[in-house]
Amino acid sequence: MMNSSEASTCPSVLSDQAFSHILEDYKNYNYLKKFKKVEPTYNFGKCNVCSDRATGIHYGVPSCEGCKGFFKRSLERNEEYVCYYGYNCEMTPKQRKRCKYCRWQACLRGGMSLDSARMGRISRDEREKIIKENREQSSSSSSAPVSPSGSSEKSKQIEKSTKFYKSLLKSLNIHTANYFPDVEITNLTQNNLENGLLMLSLLRDKCYQIFLEYNHEFNKIHYDKALSLLNRMETDDGETIKCNKNLTVKQIWDYFLPALQKNINSSIVYFKNLPGFSQLSDYDFKRCVIDRVFIVITLRVAKLYIDKEFYLYLHLDDEVYFSRELMEKAYGSELAKDIFGFFDRFAELKLTDYEISVLIPAVVSNLDSYDSGDLSNLNLYYKKLLSYELSLNKRSPEFIDKLKLTYDLLSDVCKRNRDVDVKI
DNA sequence: ATAGCCTTGAAC
DNA sequence: GTTCAAGGCTAT
């Protein structure tokens with residue numbers, strides 16, 4: 001193409017119009033040439049991750065060059081991704097670069113895996129099958145919000161996810177009487193404190209740091225969002241703000257279950273990073289998760305109970321939060337009442353973030369029956385740590401009693417929460 | 001770091 | 001020999 005100095009010395013016959021014509025031809029030629037190379041290849045549809053044009057089956061799913069490369073790079077440098085925007089980032093060709101965490105999750109959800117990666121060509125049948133499966137999925141999910149034509153594909157999809165969520169809940173629905181970790185301030189005499197004081201204060205800081213890191217979403221993102229909503233409600237007189245408008249029970253579950261699943265996953269990562277938990281056997285760790293994850297999730301989000309209302313956002317892009325109204329619809333008024341009863345009591349305690357951050361590992365490791373020395377040992381440390389923390393804050397024995405009572409309320413509502421029938 | 005293009009090598 | 005996916009290369 002011409003550079004500017006050449007253009008300025010162009011004979012006037014090459015008027016702008018004529019020039020643009022040539023340019024157009026040139027572009028067209030290039031375009032066609034480019035297209036010629038691409039056109040004969042198969043139409044793979046949309047990228048399973050970001051909906052860009054797929055260039056082939058990569059790592060088992062139709063995907064674009066970008067997501068193919070991203071998945072590959074992620075495997076190479078396995079660094080830990082973090083989402084700074086609420087773990088719900090949009091995956092579009094434009095937005096996909098914004099958040100690596102969510103893109104990675106989208107890759108996994110889209111079905112990318114090393115297992116399905118293979119060198120060279122795959123059979124025609126197999127390729128057709130993969131593309132067809134993908135078409136069905138994307139057409140049923142992308143039209144989900146409006147599509148009035150209750151297609152069988154769509155209902156199949158819903159049925160499938162319902163089954164999945166129910167089995168998820170069921171797998172968590174295992175026995176258990178929950179006892180509060182046995183702490184007594186009087187246990188902490190000067191003697192047994194001195195030995196491990198340094199260890200305890202280190203452990204304390206570590207727990208707090210990890211709590212901040214993994215609870216950032218609730219402590220900051222949800223919390224700030226709730227505060228700004230409250231602010232707007234005050235200034236706008238609540239006129240223009242419409243939240244949670246008339247959701248049906250089914251819609252509530254549609255919001256809530258994915259959010260729950262996400263919170264369970266992030267709680268598991270949180271547990272894994274607490275000192276000592278990664279050294280537990282898989283069996284022990286799993287028991288901790290199954291028994292305690294609901295309780296811990298509740299503790300993690302308790303801060304979002306503000307002015308008698310609960311502002312856990314079920315979808316950060318919408319204004320839908322798990323208000324009293326929604327909870328009553330989903331759980332029934334009895335359970336909702338008791339959950340809010342717990343929040344009331346818990347708020348009265350005014351626990352510090354430090355206290356909550358050490359309470360959580362103490363609760364998680366405190367299973368009713370131990371058959372493993374590792375777990376009971378771990379729990380011993382965390383009970384000590386909790387006692388230490390409470391004593392640092394000069395909490396009275398009456399306070400501890402109150403804490404125990406509040407905890408009983410919590411474990412009761414969590415147990416009932418597990419038995420709630422999901423109506424979809 | 002990303003993503004489009006290119007080379008390599010396996011499956012057909 | 002051809003087609004396709006993985007992985008390398010490199011301008012942005």
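We name chains A, B, ... by the order of the sequence lines, and we start the count at 1 in each one.
When the salt bridge (Lys or Arg N to Asp or Glu O under 4.0 Å) test is applied to A/Lys272, no partner is found at least two apart in sequence or on another chain. Considering only residues two or more places apart in sequence or on other chains, A/Phe256 meets the ring pair (Phe, Tyr, Trp, His ring centres under 6.0 Å) condition with A/Trp253, A/Phe322.
With hydrogens and angles left out, the side-chain atoms of A/Tyr381 and A/Ser365 include no donor and acceptor closer than 3.5 Å.
The separation between A/Lys72 atom NZ and B/dT7 atom P is 15 Å, rounded to whole Å. Between the CZ atom of A/Phe44 and the P atom of C/dA6 there is a distance of 11 Å, rounded to whole Å. Spacing between atom NZ of A/Lys68 and atom P of C/dC4 amounts to 14 Å, rounded to whole angstrom units. Between A/Arg53 atom CZ and B/dC5 atom C1' there is a gap of 12 Å when expressed in whole angstrom units.
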Atom pairs, protein N/O to nucleotides 1-3 of chain B N/O, distance under 3.5 Å:
unit_1, atom_1, unit_2, atom_2, d
B/dA1, OP2, A/Arg77, NH2, 3.4
B/dT2, OP2, A/Arg73, NE, 3.2
B/dT2, OP2, A/Arg73, NH2, 3.1
B/dT2, O5', A/Arg73, NH2, 3.4
B/dA3, OP1, A/Arg96, NE, 2.8
B/dA3, OP1, A/Arg96, NH2, 3.0
B/dA3, OP2, A/Arg103, NH1, 3.1
B/dA3, OP2, A/Arg103, NH2, 2.9
B/dA3, N7, A/Arg73, NH1, 3.3

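With respect to the salt-bridge test (charged N to carboxylate O, under 4.0 angstrom), the residues A/Glu389 and A/Arg204 qualify. Using a cut-off of 4.0 Å between Lys/Arg side-chain N and Asp/Glu carboxylate O, A/Glu355 and A/Arg395 are scored as salt-bridged.
Relative orientation of the A/Phe343 and A/Phe340 rings is perpendicular, given thresholds of 30° and 60° on the angle between their planes.
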